[in-house]
Each structure stands twice: as structure tokens, then as C-alpha cells.
Amino acid sequence: MSRTTAPEPVDRKDDRAPLSQGLTHGLKQRHLSMIALGGVIGAGLFVGSGAGIAAAGPSIVVAYAISGLLVMLVMRMLGEMSAANPASGSFSVHAERAIGPWAGFTAGWAFWFLLCVAVGLEGIGAAKIMTGWFPGTPEWAWVALFMLVFCATNLAAVKNFGEFEFWFAALKVGAIVLFLGIGVLAIVGVLPGSDAPGTANLTGDGGFFPNGSEGLIVGLLASVFAYGGLETVTIAAAESEHPVQGVAKAVRTAMWRIALFYIGSMAVIVTLVPWDDEAVVAKGPYVATLDHLGIPAAGQIMNVVVLIALLSAMNANIYGASRMATSLVARGQGPKALGRTFGGVPRPAVLVSSVFGFLCVLLSYWRPDDIFVWLLNTIGAIILVVWFFIAVSQLLLRRRTEREAPEKLVVKMWAFPVLTWVALAGMAVIFFLMAREEGTRVQLYWTGGLTVLLAAIGLVVQKARGPVSQDA
């Protein structure tokens, strides 16, 4: 897409958006559906939620419900803009059209940085599981193997990425549904060998809010960042057979997916297992629950599921990073060599994104106490920055789209503009809470520093290129 011309109208007969970056429509609807489903199930849910439960107790259900409502609003706004103008740059493109090139530059490169660092973190996590199964093998060798596999997958046709994600997501969805089914049977007392727990774990040992509002706040902050990954579906939608229909369907089913997978899981866990059980953090809440119910080999079963979740995230993040970089280059906001495509695949962007991710792994070994910690702190609140750009962009683009092309509004934000302002207020509250908490304050500062730096560079690039159309 040119920086000086508006995007071409979507052909409603074919339901495809033009891809001027040289990408192709290689993803099928079944791929997009599973990417949307699998994107909400990550290692953060399977493992990271344990810290939130330890802090908030049973009220973690409330924390996930509150943050889940915010995520649903954000996805609805993103879905509205992405259905109206599908683009592989997703929210970066929308921010550029709504606010200016500097905003698209800031949101896009911040998200690229987040995904690349996340690839390294997920590789480390997956390698730790493998070394547990194969003692004596070096972690770096497993990371290198995973990087090679998913780099090769993403260097090939986009349908290969779609196939990997389809089966990864199918396994994750199957695992979470099975867990929920077992949990519900145990709660009602019909699972062999277990008795119905009633409300003992919900109201006993400190009550529903055992650590008061402070515990709820810590749980809320932990839950917000567990939802990261949903944005990838709007990036992938631009390369699907029917991007408008795909985005619309994914967004409209977001509510029940979030309610079922996240809030439902938390409700099952805290009903069945005492919130202060040390195993919830040490083993992870899902393993702790299955062990509590006497499910054979629960730990190894969940290790397999977590490994799949980590590998799926690596695959999706390399894909998302490469497409975001390609979109930025196409809009004149990155080195041209990075945006070249071969057979519809942005191979230089895939390679650079993969190398940067592997570099993060090496830094975790070479400089674990300074540079790697700095990387972790820097990406701490990037997802909130992205959500902020999404909300502001939707606030500005909705009126423009209603005026210029109302037929493109196939997905609409609920109760506009009231709920958009509610979402922005919610983000402001979370930023405030992060500043209050010692454990998250440093992340907020480092992420803020990165955002300001990128915005300054974006303004310099924008000024150097001269005035551009706001429809770019």
C-alpha cells in the first residue's frame, strides 16, 4: 500500500483485499478459524496464571473477567477496522491512517520487537521441557532446532504456516476442552474417585478475596498480559481467502472463547484446588488440578500441552513479526531490503525476525542479569501501548468510514463511542496500577522509554518524507 494513496476498496464479491506488498491469499478459512481459536490459548494461560492465583486467590476469576472484557472491546475495535480495511500491518496501518505515519511506525515496530523477544522466551521455555525429558542435552541446541524448523516453515508458502497453526491450535483446543470437561465432572461430583468440593475452596481460607484489593490488582495485571496473541488473527486475515468474513467471524466468537477458555478455566481451578496450594505455582495450575484429581501422568500430559503451546507461539510470532515488518517497509518505514518477497513470502523479514529471536536466547545465557532483564522489562507493557493505539485509531476512523464508505462497516464496535472511551479509561487505570506496583513499575518505565524513542524516530522519518495523505 502506498503512503500517499488510500487503500483500494474491498471487492465484496471476492471479499479480498489487495496485497501490494507481494503477499498472497494462501490461508484458508479453516486456518484462520483455528488461528483465532489457538491464539487465545498460550503458555501464559497454562503456566503463568499460577502467579495470579497465588496473589488473588479465588478472586482471580474476577480479575480475568475484568481484563477479558477489556480485551473483547479491543478486539471488537480491531475487528471493525480490519474488516473495513484488511492489511497485514493490521493496527499499525490503522494507526497510520488515523493518527499519522509516526503512530503506525511506533505501534508497528514496538509490536515487532515484542514478538521477536517473545520468540526467544518461548524457545527457552520449550528447550527447558525438552532437557527435562532428555537430561544432559544443551538447551541452546533445542532452541536452535526449533528456530530452524519454524524459520523454514515460515520461509515456505504461507499455507505451511497455516497448516502448522491449524494442528497446533486443534491440539490446544482439544486439551483445554478436555480439562474443562474433567473439571466440571469433578465439581458436580460424578468423576470417579473424587467428591464434589462445593464452595469450600472459594469461601474458605481467607474468603473469596483473601489478599483484598491489592491481591486482586496483582491478579488483574497478570491476567491482562496473558491475553496477548489475539492480535495475530487480524494480521493473518489479510492473507486468507476471505479476509473480511474471516475477521468478522473471529471477532464475533471472541466473547465465548475468552469466557470459556480463560474465565472458565480459572473458575474450575480455584473451585477444585485450594488457592494457596504451593503446587499451583510450582507445577502450574493445570498440573496441580489434575494431580489433585488423581489423573495419571498429569504432569507429563500438561508438559506436552505446554510444549505445543510454546511451539505454536514461536511459529505464530515469527509469522506476525515478519508480516508487520513487511507492511512497515511497504509504507516507507523500514529498510527496503527487509520488505522483499519471494513467491509471496517475505523471506528477509522472516530471517531477520528469527535471528533476532535467537539473539535474545543467546543474551539469556551471556548476560542474564542485565541485558536480558532489560529486554524483558522493555516488552512488559507493549501490548497495552498497542491496545491504546487501536482504541484511538478506531475512535478517529469510525466517523471517517461512516462518512466515506459506510458499506465497509461489516463489524461495528458496540455502543460507539461510549465503549471505546470506556476501554481507553480501562487502559489508563491499568497504566496507573502498574505505576503503583513495585514489580511492574520498572516495566512501565522501560516500555514507556522504548515507546517515546520509537515515536521520536517515527516523527523524524515522517518529517523527512514530507506531508502524506491521512488515508495512507
Side-chain angles (χ1 to χ4, degrees), residues 38-39 41-52 111-154 164-165 168 171-172 222 225-229 232 281-287 299-300 302-322 350-383 439 442-443 446-447 450:
I41 308 172
L45 174 63
F46 289 120
V47 180
S49 54
F111 193 69
W112 178 86
F113 183 72
L114 167 66
L115 293 185
C116 290
V117 175
V119 167
L121 295 177
E122 288 141 4
I124 293 169
K128 288 184 182 299
I129 293 176
M130 296 304 295
T131 54
W133 291 340
F134 301 95
T137 56
E139 285 187 13
W140 66 265
W142 288 110
V143 175
L145 175 61
F146 296 145
M147 284 291 184
L148 285 172
V149 169
F150 293 120
C151 183
T153 299
N154 279 276
F164 265 89
E165 277 306 289
F168 277 150
L171 289 169
K172 289 191 292 184
F225 301 107
Y227 283 109
T232 304
V281 175
K283 296 181 178 180
Y286 289 79
V287 173
Q300 291 305 321
M302 287 311 304
N303 271 339
V304 172
V305 174
V306 172
L307 177 64
I308 291 170
L310 289 165
L311 296 180
S312 170
M314 287 183 70
N315 189 36
N317 288 342
I318 291 173
Y319 169 85
S322 65
V350 169
L351 287 171
V352 170
S353 300
S354 300
V355 168
F356 190 87
F358 192 64
L359 175 62
C360 293
V361 175
L362 296 180
L363 288 174
S364 74
Y365 297 124
W366 295 338
R367 305 293 292 271
D369 298 324
D370 44 27
I371 296 179
F372 189 63
V373 171
W374 173 82
L375 283 174
L376 296 183
N377 287 330
T378 303
I379 67 171
I382 284 180
I383 198 65
V442 66
Q443 295 178 8
W446 280 113
T447 298
L450 175 66

Trainee: Can you tell if the side chain of Val306 reaches within under 4.5 Å of the side chain of Ile129, non-hydrogen atoms only?
Mentor: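 With C-beta onward as the side chain, the pair touches.
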Trainee: With side chains defined as the heavy atoms from C-beta onward, is the minimum distance between Val355 and Met147 less than 4.5 Å?
Mentor: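 Side-chain contact under 4.5 Å: no.
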Trainee: Got a sec: does the CH2 of Trp446 have more than 12 other heavy atoms crowding it under 6.0 Å?
Mentor: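 No, not enclosed.
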Trainee: Parallel, tilted or perpendicular, judged at 30° and 60°: which one describes the rings of Phe164 and Phe150?
Mentor: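 Answer is perpendicular, since the angle exceeds 60°.
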Trainee: For Tyr286 and Leu45, what are the C-alpha separation, side-chain angles and deciding distance, and is it a side chain to side chain contact (heavy atoms under 4.5 Å, CB included)?
Mentor: CA-CA 9 Å; Tyr286 289 79; Leu45 174 63; 3.4 Å; yes
Trainee: For Ile318, does its backbone N or O pair with a side-chain atom of Ser353 as donor and acceptor, under 3.5 Å?
Mentor: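 Checked: no pair found.
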Trainee: Taking the side chain from Asn315 and the backbone from Leu311, do they hold a donor-acceptor pair closer than 3.5 Å?
Mentor: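 Checking the backbone N and O of Leu311 against the side chain of Asn315, no donor-acceptor pair under 3.5 Å is found.
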Trainee: Show your reasoning for whether side-chain hydrogen bond (donor to acceptor under 3.5 Å, both in side chains) applies to Glu165 and Tyr319.
Mentor: CA-CA 11 Å; Glu165 277 306 289; Tyr319 169 85; over 6 Å; no
Trainee: Go through Val117 and Phe356 one step at a time and tell me if the side chain to side chain contact (heavy atoms under 4.5 Å, CB included) criterion holds.
Mentor: CA-CA 8 Å; Val117 175; Phe356 190 87; 4.1 Å; yes
Trainee: Hey, mind stepping through Glu122 and Phe146 against side chain to side chain contact (heavy atoms under 4.5 Å, CB included) and telling me if it holds?
Mentor: CA-CA 10 Å; Glu122 288 141 4; Phe146 296 145; over 6 Å; no
Trainee: With a 4.5 Å limit on heavy-atom distance, are the side chains of Lys283 and Met302 in contact?
Mentor: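 No; the side chains remain at least 4.5 Å from each other.
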Trainee: Determine, step by step, whether Thr137 and Trp142 satisfy the side-chain hydrogen bond (donor to acceptor under 3.5 Å, both in side chains) criterion, reporting the C-alpha distance in whole Å, the side-chain angles of both residues, the deciding distance to 0.1 Å, and the verdict.
Mentor: CA-CA 8 Å; Thr137 56; Trp142 288 110; 2.9 Å; yes
Trainee: So, does Ser322 use its side chain to make a donor-acceptor pair with the main chain of Val350 at under 3.5 Å?
Mentor: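 Not a single qualifying donor-acceptor pair exists.
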Trainee: Testing Thr447, Leu121, Leu450 one by one against Ile379 for a side-chain contact (heavy atoms from CB on, under 4.5 Å), which residue passes?
Mentor: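 Among the candidates, only Leu121 passes.
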Trainee: Quick check for you: to the nearest 0.5 Å, what is the distance between Cys151 atom SG and Phe358 atom CZ?
Mentor: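 Rounded to the nearest 0.5 Å, the SG-CZ separation comes to 11.5 Å.
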Trainee: Evaluate the side chain to side chain contact (heavy atoms under 4.5 Å, CB included) criterion for residues Phe113 and Thr378: first the C-alpha distance (whole Å), next the side-chain angles of each, then the deciding distance (0.1 Å), finally the verdict.
Mentor: CA-CA 9 Å; Phe113 183 72; Thr378 303; 3.7 Å; yes
Trainee: Is there side-chain contact between Asn377 and Trp374, with heavy atoms separated by less than 4.5 Å?
Mentor: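 Result no, sub-4.5 Å side-chain heavy-atom pair not found.
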Trainee: Between Thr131 and Ala127 (side chain of the first, backbone of the second, donor and acceptor by atom type, cut-off under 3.5 Å), is there such a pair?
Mentor: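 Yes; at least one donor-acceptor contact below 3.5 Å.
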